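The block underneath contains the structure these notes are about, expressed in structure tokens.
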Amino acid sequence: MGSSTEVKKYNEAELPEFTPMPWSLKEIRAAIPPEFFIRDTPRGLLYFARDVLMAAAIWTIGTYIDPYFQSNATKDLLTPLGAQVARWAAWAVYWWFQGLVFTGIWVIGHECGHGAFSDHKIVNDVLGFITHTFLWTPYFSWRISHHRHHSNHASMERDEVYVPKTREDLSIPDKPNHEIDWDEIFGDTPIYTLYMLIRQQFLAFPAYLLFNVSGQKTYPKWTNHFDPNSILFTKEQRNAVIISNIGIASMVWGVTYASSIFGAANVLKFYGIPWLLVTHWFIMITYLHHTDPTLPHYRGKEWNFQRGAAATVDRNFLGWQGRFFLHDVAHFHVIHHPVFQALWESYNKCQFVENEGDVLFYRDKKGEALRRPAEQYNIKTKSQ
């Protein structure tokens, strides 16, 4: 008798088939209600004012944390050790909520970069420049590459960021799955995988801006967002890049000056750690938007704008906190597990795509996929 717990053997031919959507951009646009194309500048400015007031209020509350928990009265009440534990717990609460508020402000700058905040370009550019510079994002430089990303999303040849690694990139042999030593290639311990995931969450965005990490592989070495002569930009965009650089340079001066007045530790507590959490949150949001084993990537003639734009997944991100603080930037798609579990699963299941084929799906650490292209789009792989 066979065991009831016997694991079913992987069979690519039994995976759900995927057929790229056939609708034109005109058909999709006609199906969207007209009110969704309206930009409401006064309403947007009210949201921005709300975020700034919340940040100021949380900052003000933060100024009471150390004096209160380091006072003799509090130490007598909680004991010195208890007061220290409560103090750092209070700072953790501060960092959580200030990080979310700062991320909401970054999201407003993101909408300005898309031209979605206001009908007035000057409003978008001034507000976007201020909010993104405050959070260490070179607004105009990022806006240029981000626009190109959305124009070419899910194209293996032209996308700007979150371009999947191929079998060849990872030196995975092109032979049947059962003949490959997957542990030799992906046999990391969960602790190491967690370390790499944390490194991604906090360093991926600076690494992308500085070194084109996770960007288009065809770009020259040292491609970055701060070089006005970079392949990312045209000659006409040179001055915009320089303005972005001046903004970031002003932040370097501002943080250095603040550290000399208030102390580096205070700048780190009040501003540095919340900013680090901004990096974490929007990398997590964008990574999960673009990375899932059920999302297709395209090559050649099978890619078009609307297919690429549809190759994203929204997430129920932090529940009410995501809706309130992050302006619903990640919502409107119900998933079957918590968002941190989705991050862990996507990070482990989305490892590489095939070298060939025009409709591609991520494969995991055993070379297995969750979907396959419909027969007319399918390239037979060695795993089959």
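Since this is a predicted model, take the numbers as computed values, not measurements.
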[atom1]-[atom2] distance between [X] and [Y], expressed to the nearest 0.5 angstrom:
X      : Y      : atom1 : atom2 : result
Phe186 : Ile180 : CZ    : CD1   : 9.5 Å
Asp227 : Leu210 : CG    : CG    : 12.0 Å
Ile108 : Asn124 : CD1   : CG    : 12.0 Å
Phe102 : Thr131 : CZ    : OG1   : 12.5 Å
Arg323 : Leu326 : CZ    : CG    : 11.5 Å
Gln201 : Ile198 : CD    : CD1   : 9.0 Å

Testing Trp275, Trp136, Phe282 one by one against Phe205 for a ring pair (Phe, Tyr, Trp, His ring centres under 6.0 Å), which residue passes?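 Testing each of Trp275, Trp136, Phe282 against Phe205, the sole residue satisfying ring pair (Phe, Tyr, Trp, His ring centres under 6.0 Å) is Phe282.
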
Return yes if some donor-acceptor pair links the side-chain N/O of [X] with the main-chain N/O of [Y] below 3.5 Å, else return no.
X      : Y      : answer
Arg363 : Cys350 : no
Asp358 : Glu302 : no
Gln98  : Phe270 : no
Gln216 : Asn212 : no
Arg299 : Met156 : no
Arg167 : Asp174 : no
Lys165 : Ser214 : no
Arg315 : Leu288 : yes
Arg148 : Leu232 : yes
Gln237 : Thr234 : yes

Is any side-chain heavy atom of [X] less than 4.5 Å from a side-chain heavy atom of [Y]?
X      : Y      : result
Pro20  : Arg307 : yes
Ser141 : Tyr139 : no
Trp95  : Lys269 : yes
Leu268 : Ile273 : yes
Ile242 : Phe140 : no
Tyr208 : Ser145 : yes
Tyr362 : Pro164 : yes
Leu343 : Val339 : no

Carboxylate-amine/guanidinium contact Asp292 Lys349, below 4.0 Å: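 No, this pair does not count.
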
Could you check whether [X] makes a cation-pi contact with [Y], meaning its NZ or CZ is under 6.0 Å from the centre of the six-membered ring and within 45° of the ring axis?
X      : Y      : result
Arg158 : Trp303 : yes
Arg50  : Phe324 : yes
Arg372 : Tyr377 : no

Just checking, is any N or O donor in the side chain of [X] or [Y] under 3.5 Å from an acceptor N or O on the other one?
X      : Y      : result
His114 : His146 : yes
Thr74  : Ser71  : yes
Thr312 : His153 : no
His149 : His290 : yes
Trp106 : Thr137 : yes
Asn348 : Lys365 : yes
Tyr219 : Glu160 : yes
Asp169 : Thr166 : yes
Gln70  : Tyr68  : no
Trp96  : Gln321 : yes
Asp51  : His327 : yes
Tyr162 : Thr291 : no

Is there a continuous path of hydrophobic side-chain contacts, each under 4.5 Å between heavy atoms, that joins [X] to [Y]?
X      : Y      : value
Met196 : Ile283 : yes
Val255 : Phe262 : no
Phe69  : Trp88  : yes
Met251 : Trp59  : yes
Leu194 : Leu277 : yes

Parallel, tilted or perpendicular: which fits the ring planes of [X] and [Y], with parallel below 30° and perpendicular above 60°?
X      : Y      : result
Trp142 : His110 : tilted
Trp281 : Phe317 : perpendicular
Trp91  : Tyr94  : perpendicular
Phe361 : Phe18  : perpendicular

State whether the number of non-hydrogen atoms from other residues, nucleotides or ligands found under 6.0 Å of Tyr64 atom OH is greater than 12.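 Atom OH in Tyr64 is not packed in, count stays at 12 or less.
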
In sequence, state the C-alpha distance, the side-chain angles, and the governing distance for His120 and Thr41, and then conclude on side-chain hydrogen bond (donor to acceptor under 3.5 Å, both in side chains). CA-CA 8 Å; His120 307 287; Thr41 304; 4.8 Å; no

Output, in order, the C-alpha distance, side-chain angles, deciding distance and verdict of side chain to side chain contact (heavy atoms under 4.5 Å, CB included) for Asp125 and Arg143. CA-CA 10 Å; Asp125 285 348; Arg143 186 189 69 180; 2.7 Å; yes

Going through the distances and angles, do Tyr347 and Glu345 end up as a side-chain hydrogen bond (donor to acceptor under 3.5 Å, both in side chains)? CA-CA 5 Å; Tyr347 190 74; Glu345 291 184 358; over 6 Å; no

